Peer 1: 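Supplied in structure tokens, the structure appears directly below.
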There are 2 protein chains.
Amino acid sequence: MPGLDGTGPPWWGGKFRGCGYRITVPRQAILSVLSKTEDHLSAEDIYLKVHKIYPGVGLTTVYRTLDILVNMALVFKFDFGDKRARYELREGPKGERHHHHLICTGCNRVIDYTDFVDEEKDLLDKAEKGLSKKYNFKISGHSIQFYGLCEKCK
Amino acid sequence: MPGLDGTGPPWWGGKFRGCGYRITVPRQAILSVLSKTEDHLSAEDIYLKVHKIYPGVGLTTVYRTLDILVNMALVFKFDFGDKRARYELREGPKGERHHHHLICTGCNRVIDYTDFVDEEKDLLDKAEKGLSKKYNFKISGHSIQFYGLCEKCK
DNA sequence: TTTCTTATTGAAAATCATTTTCATTAACAG
DNA sequence: CTGTTAATGAAAATGATTTTCAATAAGAAA
Ligand SMILES: [Mn+2]
Ligand SMILES: [Mn+2]
Ligand SMILES: [Zn+2]
Ligand SMILES: [Zn+2]
């Protein structure tokens, strides 16, 4: 099983090369950080983590790499209401991790949840079909979130 | 029917006073602009429209007023991916206008839709109940949007 | 209406996440 | 190994939003 033991080429190598991008140390480090966390990291969060191992990598490169990863659909970019953008790996080599978000408007904490995604799927598929026909829209994704107060904040 | 013919006190006057806020010319102008459009205006958009009638009103005041209106839950604040925040009146005096958004990732056009909101309601209610129990979260709202390419961009 | 209190305001400066510029470096095809 | 050029880091620029502060006006009281 290549790419899962840390020795082989990383699972995203193929897609990466396919887009004509070079596989550089900063890019590897950034993807490594993203694949090792469940958190919703800001560009600076990622920069600080990468910086511990590769002090030479600059914040600019983190921003540039994240841009590429978002455009390649390897990474999601979110706005949870604090000013900074937040990033999250779309999926690992193992497969999907589809989930939605519960956002605390008090402390900005974000909870991933997977409950109801199956029930949602039905509705979303139907809506997607109906909407893309009615509005002549090519739908490529969706996002659902609930806002409220977490147990600490309420 | 007071407040609907433009002569009586505006429908939001009560709620406004109730919060201890003064009813000022800039605030009236901003609410007037918001209630006359279906668009998703940025702070600057609103500033420019207000400016035509009241050249004295400054952009700072627009930001401050929008902040208040969002906190009073009279206005929604959105991030549609272009950098600026976008604002939309939550509801008029007549009642609700609950809808969701179709966002074009090509040109940033936003389409309001009300299709499927009834079907969605069921699911959302159920999810809301389940999630608030499971995560001990006090849910106060939700947001759903679809991303894709509009007919021009695809 | 006039007066008084103080919330509100506009202009200018400050903030701060993100982007751009540009000279240097390193991926990688040949 | 060498050459081409994409990628990089540091510093400067950008641009939306926020803060500061002295002047103004909304609304309560007289
Ligand atoms: Mn998540
Ligand atoms: Mn809308
Ligand atoms: Zn919280
Ligand atoms: Zn479009």
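Worth knowing before you read on, the calculation uses all heavy atoms, side chains too, and leaves out hydrogens, waters and symmetry mates. First the proteins, then the strands, lettered A, B, ... as listed; each starts at 1. Fair warning: this is a prediction, and the values are worked out from it, not measured in the lab.
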Peer 1: How many whole angstroms separate atom CG of L59(B) from atom P of dA12(C)?
Peer 2: 13 Å
Peer 1: Pairs in or reaching into residues 56-85 of chain B: which pass salt bridge (Lys or Arg N to Asp or Glu O under 4.0 Å), with residues at least two apart or in two chains?
Peer 2: E44(B)-R84(B), D82(B)-R86(B)
Peer 1: Starting at atom CG of D82(B), determine the distance to atom P of dT18(C), rounded to an integer number of angstrom.
Peer 2: 15 Å
Peer 1: Which whole-number value in Å describes the distance from Y54(B) OH to dA25(D) C1'?
Peer 2: 15 Å
Peer 1: Compute whether any side-chain donor of one residue and acceptor of the other, for E38(B) and H99(B), lie under 3.5 angstrom apart.
Peer 2: no
Peer 1: Counting only heavy atoms and a strict 4.0 angstrom limit, can you tell me which residues of residues 63-74 of chain A come near DNA chain D?
Peer 2: R64(A)
Peer 1: Between CG of L74(A) and CD1 of I68(A), what distance do you get to the nearest 0.5 Å?
Peer 2: 10.5 Å
Peer 1: I need the CG-P distance between D45(B) and dA16(D), as an integer number of Å.
Peer 2: 11 Å
Peer 1: OH of Y47(B) versus P of dG15(D): gap in Å, rounded?
Peer 2: 17 Å
Peer 1: Rounded to the nearest 0.5 Å, what separation is found between the CZ atom of F146(B) and the OG atom of S140(A)?
Peer 2: 11.0 Å
Peer 1: Determine whether a donor-acceptor pair (N or O, by modelled atom type, separation under 3.5 Å) exists between the side chain of R109(A) and the backbone of C104(A).
Peer 2: no
Peer 1: To the nearest Å, give me how far apart CG (D79(B)) and P (dT18(C)) are.
Peer 2: 11 Å
Peer 1: Under the 3.5 angstrom rule, does the side chain of S32(B) hit a backbone N or O of Q28(B) as a donor-acceptor pair?
Peer 2: no
Peer 1: With a 4.0 Å limit, can you tell me whether K83(A) has a side-chain N or O closer than that to the phosphate oxygens OP1/OP2 of dT15(C)?
Peer 2: no
Peer 1: Hey, can you pull the residues of residues 16-43 of chain A with a non-hydrogen atom under 4.0 angstrom from DNA chain D?
Peer 2: Y21(A), R22(A), T24(A), P26(A), R27(A)
Peer 1: Between H100(A) and H98(A), how do the two ring planes meet: parallel, tilted or perpendicular, split at 30° and 60°?
Peer 2: perpendicular
Peer 1: Does L34(B) offer a backbone N or O that forms a donor-acceptor pair with the side chain of T37(B) under 3.5 Å?
Peer 2: no
